Amino acid sequence: MEVAPRTSGSAGDVHASSALLYQLREHIAAEHRRLSRIVGSPAFRRTFGELGGEQLQRLPRGFAPDHPAGAFLKYKQFLAGCERPAEFATSPVFYRTLVAAFRTLAPLVEFLNEPLVAGLTSGTLGHAWTEADG
């Protein structure tokens, strides 16, 4: 049996330090409805499926076990990706499809960057959490 080579891509990957991850989780806790709309949109689901990435078994310390953002708060990485056959890279629809995927992904990247940009602007980036385990 022969398997055709495939091209793959992913984006929206955030694998942050404990301090940054804590700030991101605080943002997610406050804005979980917006994150849910982003990753639950028909375009996102059609293009990337579900949000992926490494997750904790339980909610991180400091968040109630029944927090409505619980599913998102467990993430340690935030991944969105898709695979296509290798020949897709030379197809006439490659560029159009790639641009559409980036446009679909942009709201997730923007959402994940918001607490990081706010921390850089205020000078508090990474200062909210100092323990080694986020």
Side-chain angles (χ1 to χ4, degrees):
M1 181 164 133
E2 192 172 297
V3 177
R6 301 182 68 78
T7 59
S8 66
S10 65
D13 178 6
V14 173
H15 197 116
S17 69
S18 294
L20 297 179
L21 193 51
Y22 178 78
Q23 288 178 305
L24 182 56
R25 285 181 176 140
E26 286 288 319
H27 177 62
I28 290 169
E31 299 286 336
H32 62 90
R33 286 183 183 93
R34 189 161 55 108
L35 178 57
S36 186
R37 281 192 304 272
I38 292 168
V39 300
S41 74
F44 188 94
R45 295 182 72 78
R46 184 176 50 253
T47 305
F48 303 111
E50 297 201 9
L51 187 64
E54 187 179 346
Q55 297 181 42
L56 299 170
Q57 294 294 318
R58 292 181 296 252
L59 283 179
R61 198 171 346 148
F63 295 98
D66 61 345
H67 195 289
F72 294 128
L73 294 172
K74 291 179 182 179
Y75 279 93
K76 294 169 64 174
Q77 295 177 304
F78 301 85
L79 303 176
C82 58
E83 289 189 4
R84 303 281 190 265
E87 58 272 7
F88 175 71
T90 59
S91 77
V93 298
F94 174 75
Y95 178 76
R96 180 178 46 232
T97 305
L98 185 65
V99 169
F102 284 147
R103 283 190 178 130
T104 301
L105 188 64
L108 175 62
V109 174
E110 182 179 317
F111 180 90
L112 295 173
N113 282 333
E114 286 171 2
L116 307 177
V117 170
L120 286 172
T121 303
S122 69
T124 61
L125 184 64
H127 296 295
W129 188 256
T130 56
E131 292 187 31
D133 238 343

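Not measured: the values here are computed from a predicted model. Numbering of residues begins at 1 and proceeds along the displayed sequence. Computation of the quantities below employed the complete heavy-atom set of this structure, encompassing side-chain atoms and omitting hydrogens, waters and symmetry-equivalent molecules.
To the nearest 0.5 Å, atom CZ of residue Arg25 and atom CZ of residue Arg61 are 10.5 Å apart. Distance check: Asn113 CG to Leu108 CG gives 9.0 Å after rounding to the nearest 0.5 Å. To the nearest 0.5 Å, atom NZ of residue Lys76 and atom CG of residue Leu21 are 8.5 Å apart. Rounded to the nearest 0.5 angstrom, Arg45 CZ and Glu50 CD are separated by 5.0 Å.
In terms of modelled atom types and a separation under 3.5 Å, the side chain of Ser91 and the main chain of Phe88 share a donor-acceptor contact. Of the possible donor and acceptor atoms, none in the side chain of Arg33 sits under 3.5 Å from a partner among the backbone N and O of Ala69. Between the Ser36 side chain and the His32 main chain, no donor and acceptor come within less than 3.5 Å of each other. Side chain of Gln77 to backbone of Glu54: a donor-acceptor contact under 3.5 angstrom is found.
Between Ala64 and Leu59 the shortest heavy-atom distance is O-CD1, 3.0 Å. The two residues Ala71 and Gln55 have their closest heavy-atom pair at O-OE1, 4.3 Å. What you find for Leu51 and Leu79 is that their closest heavy atoms are CD1-O, 3.5 Å. When all heavy atoms of Phe44 and Leu105 are compared, the pair lying nearest together is CE1-CD1, 4.3 Å. Shortest non-hydrogen contact noted between Cys82 and Thr47 is CB-O, 3.5 Å.
Under the 4.5 Å side-chain heavy-atom criterion for ILVMFWY residues, a single connected hydrophobic cluster contains both Val93 and Phe102.
Within the 4.5 Å cutoff, the side chain of Gln23 has no heavy atoms near those of the Glu114 side chain. Between Leu73 and Ile28, the closest side-chain pair of non-hydrogen atoms falls below 4.5 Å.
Remark: Arg103 CZ is loosely packed, at most 12 non-hydrogen atoms of other residues, nucleotides or ligands lying under 6.0 Å away.
By the 30° and 60° cut-offs, the orientation of the rings of Phe63 relative to Tyr22 is tilted. Ring orientation note: the planes of His27 and Phe111 are tilted relative to one another, at an angle of 30° to 60°.
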**Asked** Val39 and Phe72: side-chain contact (heavy atoms from CB on, under 4.5 Å), yes or no, with the steps?
**Response** CA-CA 11 Å; Val39 300; Phe72 294 128; 3.8 Å; yes
